[in-house]
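Everything below concerns the one structure shown next.
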Amino acid sequence: MNTIEPGMKVTALYKTGKYIGEAEQVKNGKVLVSILAVLKHPKQGDLHNPNQADVPFFHQRKALAFQEKTWAPEHTVKPYEEQVPDYYESLKMSLEEMQKELEQKGDDWSTRSLSELSGLKKEYHL
């Protein structure tokens, strides 16, 4: 098992997104991570009903912001040794990658997700 210490560059999962960040604290099985880049944009929709379009509230899920801090479960945090990409470039790439995946699926959930991502792209100024 990897030991995570403050100051280390790490990858962390938060809900359905994956991020690169800097570990700031380790406490009670969680790691406080300051976000530096986005590896995988969060999925859209209801987390309790994944990949379902017909839900009471279809959530728009934003990526965590640059230097935003979040507590991630320690078991999802891993050391990161590579060069950290630019936050905005990583955000753009992760969003575009998710859009391509959704376009290939073509189901109702993907269509609704693409609509939400289109709005986020404007909000992110990408």
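Only heavy atoms go into these numbers, but all of them, side chains included; no hydrogens, no water, no symmetry mates.
K121 is listed as a side-chain neighbour of E96, based on a closest heavy-atom distance under 4.5 Å. V77 has its side chain out of reach of T11: every pair of non-hydrogen atoms, C-beta onward, lies at least 4.5 Å apart. Between K15 and P42, the closest side-chain pair of non-hydrogen atoms is not below 4.5 Å. No side-chain heavy atom of D54 sits under 4.5 Å from any side-chain heavy atom of D108. Contact check for Q104 versus L102: no side-chain heavy atoms found under the 4.5 Å cut-off. Proximity of P6 to E24: side-chain heavy atoms (C-beta onward) are nowhere separated by under 4.5 Å.
Distance alone, capped at 3.5 Å, is enough to place a donor-acceptor pair between the Y124 side chain and the A63 backbone. Checked by atom type and distance alone, the side chain of R61 pairs as donor or acceptor with a backbone atom of G45 at under 3.5 Å.
Follow the hydrophobic side-chain contacts under 4.5 Å out from W71 and you never reach I4; the two are in separate clusters. Linking ILVMFWY side-chain heavy atoms closer than 4.5 Å, directly or via other members, places V26 and I35 in a single hydrophobic cluster. L32 and Y80 fall into different hydrophobic clusters, where Ile, Leu, Val, Met, Phe, Trp and Tyr residues are linked whenever their side-chain heavy atoms come under 4.5 Å apart, directly or through other members. Following chains of ILVMFWY side-chain contacts shorter than 4.5 Å, one can reach V10 starting from F66, so the two form part of one hydrophobic cluster. The cluster map of Ile, Leu, Val, Met, Phe, Trp and Tyr, joined by side-chain heavy atoms under 4.5 Å apart, puts L36 and L13 in different clusters.
Here the CD-CG distance, from E101 to L114, works out to 10.5 Å after rounding to the nearest 0.5 Å. Atom OG of S94 is separated from atom CG of L39 by 8.0 Å, given to the nearest 0.5 angstrom. A distance of 9.0 Å separates CD of E103 from NZ of K100, quoted to the nearest 0.5 Å. The NZ atom of K30 lies 10.0 Å from the OG1 atom of T76; values are rounded to the nearest 0.5 Å. Considering CG of L117 and NE2 of H41, their distance stands at 6.0 Å, rounded to 0.5 Å. The distance from the CD1 atom of I20 to the CD atom of Q83 is 10.0 Å, given to the nearest 0.5 Å.
Closest heavy-atom contact between S113 and F58: OG-CZ, 3.6 Å. When all heavy atoms of Y19 and G17 are compared, the closest pair comes out as CE1-C, 3.7 Å.
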Evaluate the side chain to side chain contact (heavy atoms under 4.5 Å, CB included) criterion for residues E97 and L95: first the C-alpha distance (whole Å), next the side-chain angles of each, then the deciding distance (0.1 Å), finally the verdict.
CA-CA 5 Å; E97 187 175 313; L95 187 86; over 6 Å; no

Would K40 and M98 count as a side chain to side chain contact (heavy atoms under 4.5 Å, CB included) if you check the C-alpha gap in whole Å, the side-chain angles of each, and the deciding distance to 0.1 Å?
CA-CA 8 Å; K40 182 172 174 49; M98 180 160 282; 4.1 Å; yes

Side chain to side chain contact (heavy atoms under 4.5 Å, CB included) between W109 and K43, intermediate numbers included:
CA-CA 10 Å; W109 172 77; K43 290 173 89 176; 3.7 Å; yes

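With 3.5 Å as the limit, one finds no donor-acceptor pair spanning the side chains of Q44 and E116. Using modelled atom types and a 3.5 Å distance limit, the side chains of N51 and K105 yield no donor-acceptor pair.
Using a cut-off of 4.0 Å between Lys/Arg side-chain N and Asp/Glu carboxylate O, E22 and K9 are scored as salt-bridged. Under the 4.0 Å criterion applied to side-chain N and carboxylate O atoms, K62 and E123 are assigned as salt-bridge partners.
The number of heavy-atom neighbours closer than 6.0 Å to CG of D107, taken from other residues, nucleotides and ligands shown, is above 12.
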